[in-house]
4 protein chains.
Amino acid sequence: MARPRDPEKRRAILEAAIAEIAEVGLGAATAKIAKRAELAEGTLFTYFSTKDELLNELYAELKNELYALINRSFPHKASLEQRAWHVWSCSLGWSIEHPAHRKVSVQLNLSDAVTAETRERTVEARGAVDTLFAEMDERESLRGMPKGFGAATMSAMQEATMDFAARSPRQRKMLVERGFRLYWRAVR
Amino acid sequence: MARPRDPEKRRAILEAAIAEIAEVGLGAATAKIAKRAELAEGTLFTYFSTKDELLNELYAELKNELYALINRSFPHKASLEQRAWHVWSCSLGWSIEHPAHRKVSVQLNLSDAVTAETRERTVEARGAVDTLFAEMDERESLRGMPKGFGAATMSAMQEATMDFAARSPRQRKMLVERGFRLYWRAVR
Amino acid sequence: MARPRDPEKRRAILEAAIAEIAEVGLGAATAKIAKRAELAEGTLFTYFSTKDELLNELYAELKNELYALINRSFPHKASLEQRAWHVWSCSLGWSIEHPAHRKVSVQLNLSDAVTAETRERTVEARGAVDTLFAEMDERESLRGMPKGFGAATMSAMQEATMDFAARSPRQRKMLVERGFRLYWRAVR
Amino acid sequence: MARPRDPEKRRAILEAAIAEIAEVGLGAATAKIAKRAELAEGTLFTYFSTKDELLNELYAELKNELYALINRSFPHKASLEQRAWHVWSCSLGWSIEHPAHRKVSVQLNLSDAVTAETRERTVEARGAVDTLFAEMDERESLRGMPKGFGAATMSAMQEATMDFAARSPRQRKMLVERGFRLYWRAVR
DNA sequence: GATGAATGAGGTTTCATTCAT
DNA sequence: TATGAATGAAACCTCATTCAT
């Protein structure tokens with residue numbers, strides 16, 4: 001049970017879950033997910049004891065994936081704006097390159113299946129992003145607001161930007177840049 | 001003539017659907033919804049021939065509810081900022097007063113069950129809000145961006161603000177105001 | 001209840017039932033039948049207290065319709081073969097002209113919803129047909145067989161003939177005649 | 001490998017379906033069929049993905065059962081009459097021994113649930129019966145009639161014969177023989 | 001460990017019939 | 001008498017999960 005040792009199968013299940021959920025929503029059948037991963041129905045349950053557990057792991061995986069991407073090339077010494085831009089552009093780049101991942105991520109964010117505990121668990125992976133937003137929360141524009149407001153704002157504006165970027169591939173670059181300009185005007 | 005269809009029952013079903021969906025998501029069982037509305041299982045289907053139809057009507061109802069509220073006291077002659085503030089504060093006020101309505105609205109926004117046709121149908125109800133955002137899209141900060149970007153940005157930032165307001169009832173007023181300030185700095 | 005006095009509505013329901021059952025089978029919904037008769041759902045039940053009763057009445061109606069047709073122009077004094085031909089050609093003519101009636105009749109013949117009592121009740125309407133078949137059962141070819149065997153044989157062979165006639169409208173006349181020749185060779 | 005699909009369970013479902021349909025018609029509930037086969041409701045659907053598929057398979061099964069019986073002891077070298085008699089007596093024997101099978105077969109013959117494709121599929125199983133009827137269609141009595149008319153006639157007359165045989169077990173042998181004599185007089 | 005058949009609760013929808021209007 | 005809304009028992013089918021192989 002616990003954590004059997006074929007990581008490729010585990011990955012295959014997670015990928016299949018992403019593809020399936022992107023297509024039909026969180027109601028995706030475990031049997032379909034397993035088949036898409038080219039595994040038997042039952043096998044899924046040796047890797048994730050419950051559908052809810054799969055969903056929680058998936059949530060964590062997606063968050064980690066994104067944060068890993070951001071942290072890999074994080075310009076620790078750059079200006080606040082440049083660091084904010086890094087986070088913004090990495091996030092949107094990821095969303096654009098992996099639309100299914102993003103779609104599932106949005107659904108999981110809203111789902112009650114993902115526990116508070118899981119959500120907290122992913123906080124640890126944020127690394128440099130955390131210090132960035134801590135710094136931002138100190139700026140005049142956000143002073144006095146609850147912790148995390150700056151991050152939530154960025155996330156919200158990314159959502160909005162993504163919706164348009166998804167519809168107009170040609171204008172992506174422009175939208176990402178202008179979107180950031182708007183964001184930066186708000187919190188600068 | 002037989003007993004006419006009872007608008008109160010229709011409402012009761014919609015209210016029950018809101019409550020139920022807020023609790024368990026769009027997977028809410030029609031049987032549970034009917035029971036919550038104190039009606040027999042089958043009765044639901046004389047008012048909405050399909051669960052999908054119920055969901056679509058619910059979407060329209062919620063949108064109309066909000067837009068009606070906004071339009072009722074719309075300050076047509078006020079400055080752009082004041083009108084934007086009106087929309088912002090009405091929307092957040094509504095979300096705060098009817099958290100279940102908002103929760104369901106968010107879920108429906110993302111659901112494939114709500115058809116493009118339904119979404120277009122609600123556009124008509126927007127009234128003064130439309131002209132406001134058309135005007136905003138002309139401003140320097142948004143010029144060149146796709147139509148609707150300003151509205152999407154407001155909506156996104158409201159989401160973010162709401163998440164915090166929901167958690168800290170005490171700070172609501174402050175959050176709503178400061179949230180708007182941030183928004184306005186971005187698009188002004 | 002019993003037998004209310006708008007015979008046109010009664011007829012309308014029976015006709016609608018024929019059309020509906022021909023299309024979707026005996027599972028046809030009473031509500032659909034009523035609507036097709038341009039009546040309200042409930043009205044059907046003031047004319048037929050039960051769906052089963054409707055089915056039984058329909059069975060009787062269809063049988064009577066056919067027997068009335070046969071008896072209307074029955075050549076009482078003609079030869080046995082000529083009288084048999086009359087029955088054969090009337091029956092097939094009716095089936096060809098009213099394919100839905102025939103289709104429903106076949107279904108009702110097999111259905112348990114039609115009671116033995118109803119089946120017996122229609123025997124009375126047979127009139128001249130009965131004496132014809134009684135006479136036929138006396139012939140050498142059928143002597144010793146149970147009563148009604150000649151009639152059943154004709155009915156069966158009509159079914160077979162009809163199936164082909166329905167598929168090849170052009171050959172109808174020929175099929176009806178040759179079919180009868182086959183039948184007559186068997187029982188003559 | 002997991003437990004393989006169990007052919008006995010498949011059979012059990014088909015048998016249960018026959019029994020149930022013979023009792024209540026094609027409207028027989030899948031749940032009742034499953035219970036009668038001593039299986040869980042859901043299990044039925046691992047063997048037949050749909051009620052319609054079950055019905056189609058059942059149709060094929062019944063046809064094959066009968067044709068297998070006929071072909072097993074088919075007197076290929078006998079005279080036309082003797083071969084016709086073989087088909088006639090095997091068919092009626094089967095109907096008499098398995099009245100439920102026959103009842104269901106008749107219902108399925110008329111049902112729209114059985115697709116044209118399924119019907120064609122069973123043609124292949126007919127084997128020697130096909131050549132017999134092809135030969136018969138060439139005889140003077142049937143010449144010029146559509147292909148299959150001889151077979152349809154036999155089938156129709158068997159139906160008639162069966163109805164009487166079912167009611168008078170004592171006279172079965174006589175009815176089967178005399179029935180064939182009538183048939184043979186017709187098509188000879 | 002991997003497989004997929006087995007399970008039965010639960011989901012949506014249909015429908016004959018009743019009954020307030 | 002006519003109407004059609006109300007009812008709730010089925011009906012068919014799906015699905016997470018278990019367990020024999």
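When reading the values below, keep in mind they use all heavy atoms of this one structure, side chains included, and skip hydrogens, waters and symmetry mates. Protein chains get the first letters and strands the later ones, always in sequence-line order, with residue 1 at the start of each.
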Quick one: does D/Leu14's side chain get under 4.5 Å of D/Leu54's, heavy atoms only? yes
Donor-acceptor pair under 3.5 Å, D/Glu41 side chain vs F/dC13 base: yes
Watson-Crick or G-U counterpart of F/dA20, or none if no pair lies under 3.5 Å: E/dT3
Let me know, please, whether D/Ala31 or C/Ala40 comes out on the 5' side of the other along DNA chain F by nearest nucleotide. C/Ala40
Of B/Gly42 and A/Gly42, whose nearest nucleotide on DNA chain E comes first from the 5' end? A/Gly42
Just N and O in the side chain of A/Tyr47: are any of them under 4.0 Å from OP1 or OP2 of E/dG1? no
Is A/Thr30 near enough to F/dA16 that one of its side-chain N or O atoms lies under 4.0 angstrom from OP1 or OP2? yes
Expressed as a whole number of angstroms, how long is the span from A/Glu38:CD to E/dT3:P? 11 Å
Side-chain N or O of C/Thr46 versus OP1/OP2 of F/dT1: is the shortest distance under 4.0 Å? no
Find which nucleotide of DNA chain E each of B/Phe45 and D/Asp6 is nearest to by heavy atoms, and output the residue with the more 5' nucleotide. D/Asp6
Can you tell me how far apart OG1 (C/Thr122) and CG (C/Leu62) are? Round to the nearest 0.5 Å. 11.0 Å
Inspect the surroundings of CD in C/Glu38 and state if more than 12 heavy atoms from other residues, nucleotides or ligands are less than 6.0 Å away. no
Per side-chain contact (heavy atoms from CB on, under 4.5 Å), A/Tyr47 is matched among A/Glu53, A/Arg11, A/Arg10 by A/Arg10
Is there a side-chain contact between A/Lys9 and the phosphate of E/dG1, meaning an N or O under 4.0 Å from OP1 or OP2? no
So, OP1 or OP2 of F/dA5: does either fall under 4.0 Å of a side-chain N or O from B/Thr43? no
Roughly, in whole Å, what's the span from CG in C/Leu54 to P in E/dA16? 10 Å
Residue pair A/Val104 / A/Ala22: nearest heavy atoms and the distance that separates them: CG2-N, 3.8 Å
Reckon A/Ala34 touches a base, only the sugar-phosphate, or nothing at all at heavy-atom distances under 4.0 Å? nothing
Mind checking who F/dA9 pairs with, Watson-Crick or G-U wobble, both distances under 3.5 Å? E/dT14
Please figure out whether B/Arg5 or D/Lys51 has its closest DNA chain F nucleotide nearer the 5' end. B/Arg5
Report the distance from atom NZ of A/Lys35 to atom C1' of F/dC15, rounded to the nearest whole Å. 14 Å
